[in-house]
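If you're wondering where the values come from, they're calculated on a predicted model, not measured in any experiment.
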Amino acid sequence: MNDTPALTGLARQLVTAELLDERTAAQANAQALRNKIPLVSYLVQNKLATSRAVAEIAAEQFGVPFCDLSAIDKESQPRELVSEKLCRQHRVLPLYRRGNKLFVAMSDPTNHQAVTDIQFSTGISTEALLVEDDKLGDALEKFFDTGSSGMEDLADVDLDGLDVEAVNDDKDDTSGGGEAADDAPVVRFINKMLLDAIKGGSSDLHFEPYEKAYRVRFRTDGILHEVARPPIQLASRISARLKVMASLDISERRKPQDGRIKMKISKTKAIDFRVNTLPTLWGEKIVMRILDPSSAQMGIDALGYEEVQKELYLNALKQPQGMILVTGPTGSGKTVSLYTGINILNTVDINISTAEDPVEINLEGINQVNVNPKHGMDFSQALRAFLRQDPDVIMVGEVRDLETAEIAIKAAQTGHMVMSTLHTNSAAETLTRLRNMGVPAFNIATSVNLIIAQRLARKLCNSCKKEVEIPRETLIKEGFPEDKIGSFKIYAPVGCDNCKHGYKGRVGIYEVVKITPALQRLIMEEGNSIEIAKQAKSDGFNDLRTSGLFKAMQGITSLEEVNRVTKD
């Protein structure tokens, strides 16, 4: 069946201009619609076309002038005319005003509604200029980054229109409303904290009461930093507001509670927060984990696997049965690695069920179960139910005990693909941990196909990183291969306006070990973790340290950062 007649708008023009073939354009268009993002953004994010090429072709085909964002005078950009909410909703940026005409930047020439809405909102004739999508994203963040997280700037931020709702898995609302729900200054402060955390790419927010102070910290790229110190008098009001948002019981201050919040920041974008309260000496500390569904859609190429490691993972996913285990400490990116694999397998002909505590990212086409021990639904119970549900792929959030391990291994031995996590430091330790749980060595050797141990390292900022000279003897001592020294450069962080302390974003460092016949024999002989690690190395699998040094040799991260995340 020919896809061409179904193609319209930008997708058709890109095929006409021979930038994409018909099939790729149709698939990209359909996936962009499913992901609720513009086609331009999808093409650029997935490297199907360069941002520049799409912009230039779209400008020519649609008769919209092309503009280079780097040539715009940022000081003259009108800041008061268009609200941040409207700009983010339509992904447009005000550039300049000439008389009674406003010029705005956009990357999607088919978004006529954006021009109409801005013209209606401002009362000024509006004209679009076409720009590169990736540059537009960066420019939007910089344009609306106020650089402050304190309460004094709240009047300048559009915070009242935020749509925030609780996601209550138990469906029994025990929260009390109280005045916390209507405490406008606190509501605006918390909304600003949430938006700042999302804009800054943070993973967690910490709201912490002390005897004489209250502080808010964000974890960005794995490192905590302080962002605000609201008055201590607001401590109880802040915690009450957060608990109301998460539909928790605000009268219960002596026990930990778990909840979830969904915040809609535009018509097409929603972010979930996992909320946990903990009674401390001076009040309740509340930690919120940001659960961004887009992190599960990044694709395996964006995670940082070396080519050989990526092939090992993809080949393991193609196996009809067996177990894939992802290991590492809390916050090492295990969930994203698992979800990436699940996404690859998520097709109409495969039945996938997951048991998670809690479900972090909602994915269409996957049967996700929230583990709830209070109601008799633990991992082992969920697994037993899955095996009666005609499964092809089963994901278990974590193998915590012998009962769960035995059921998972039985499933892996009887025609199912099983994916799970363990909190161990390396691939070798994962195998010995299973044995220490009480799983027979024969079952481990015959069921486990692949083990991925991982860490997350901060990436050096490309705008400011600097080359450093390190003596040859030091490089050899650190573990760099002697025959490669002199063929690579080592970089160190500096720090600039585009990054935080010289780093921007994170990349995975992996140890990917396929269970070979030699490793199977060693497991059945009950070899220890040192012997298993030695055998894995002789089979050609890089350990975490070697993979980290390879990232430093590529200039992706610094030696200092490799030492931080892979130290013994």
> Atom CD1 of Ile485 and atom CD1 of Ile490: how far apart are they, to the nearest 0.5 Å?
Replying inline: 9.5 Å
> In Å, rounded to the nearest 0.5 Å, how long is the span from CG of Asn191 to CZ of Phe189?
Replying inline: 11.0 Å
> What is the distance from atom CD1 of Ile344 to atom CG of Leu314, rounded to the nearest 0.5 Å?
Replying inline: 5.0 Å
>> Let me confirm one number: the CG-CG distance from Asp138 to Asp133, rounded to the nearest 0.5 Å.
In response: 10.0 Å
> Hey, which of Asp204, Leu291, Ile290 is the one that makes side-chain contact (heavy atoms from CB on, under 4.5 Å) with Arg274?
Replying inline: Leu291
>> Would Tyr305 and Ser337 count as a side-chain hydrogen bond (donor to acceptor under 3.5 Å, both in side chains) here? Give the steps.
In response: CA-CA 10 Å; Tyr305 284 94; Ser337 278; 3.2 Å; yes
>> Just verifying a value: how many Å separate Glu561 CD and Thr566 OG1, rounded to the nearest 0.5 Å?
In response: 9.5 Å
> When you look at NZ of Lys285, are more than 12 heavy atoms from neighbouring residues, nucleotides or ligands closer to it than 6.0 Å?
Replying inline: yes
>> Checking Lys310 now: which residues fulfil salt bridge (charged side-chain N to carboxylate O under 4.0 Å, His left out) with it, not counting sequence neighbours?
In response: Asp301, Glu307
>> Quick check on Ile223: does its CD1 atom have over 12 non-hydrogen neighbours (other residues, nucleotides or ligands) under 6.0 Å away?
In response: yes
> Considering all heavy atoms of both residues, which atom of Ile261 and which atom of Leu242 are nearest to each other, and what is their separation?
Replying inline: CD1-O, 4.2 Å
> Any Lys/Arg nitrogen of Asp68 or Lys135 sitting under 4.0 Å from an Asp/Glu carboxylate oxygen of the other?
Replying inline: yes
>> Take a 6.0 Å sphere around CD of Glu467 and say whether it holds more than 12 heavy atoms from other residues, nucleotides or ligands.
In response: yes
> Under the side-chain hydrogen bond (donor to acceptor under 3.5 Å, both in side chains) criterion, do Ser538 and Gln535 qualify, and how do the steps go?
Replying inline: CA-CA 5 Å; Ser538 68; Gln535 181 61 51; 3.3 Å; yes
> Taking only residues two or more places apart in sequence, or in another chain, which ones meet Arg455 in a side-chain hydrogen bond (donor to acceptor under 3.5 Å, both in side chains)?
Replying inline: none
> What about Phe488 and Phe480, are their ring centers closer than 6.0 Å?
Replying inline: yes
> Looking only at side chains, do Gln309 and Ser547 share a donor and an acceptor under 3.5 Å apart?
Replying inline: yes
> How far does CG of Asp543 sit from OG1 of Thr546, to the nearest 0.5 angstrom?
Replying inline: 3.5 Å
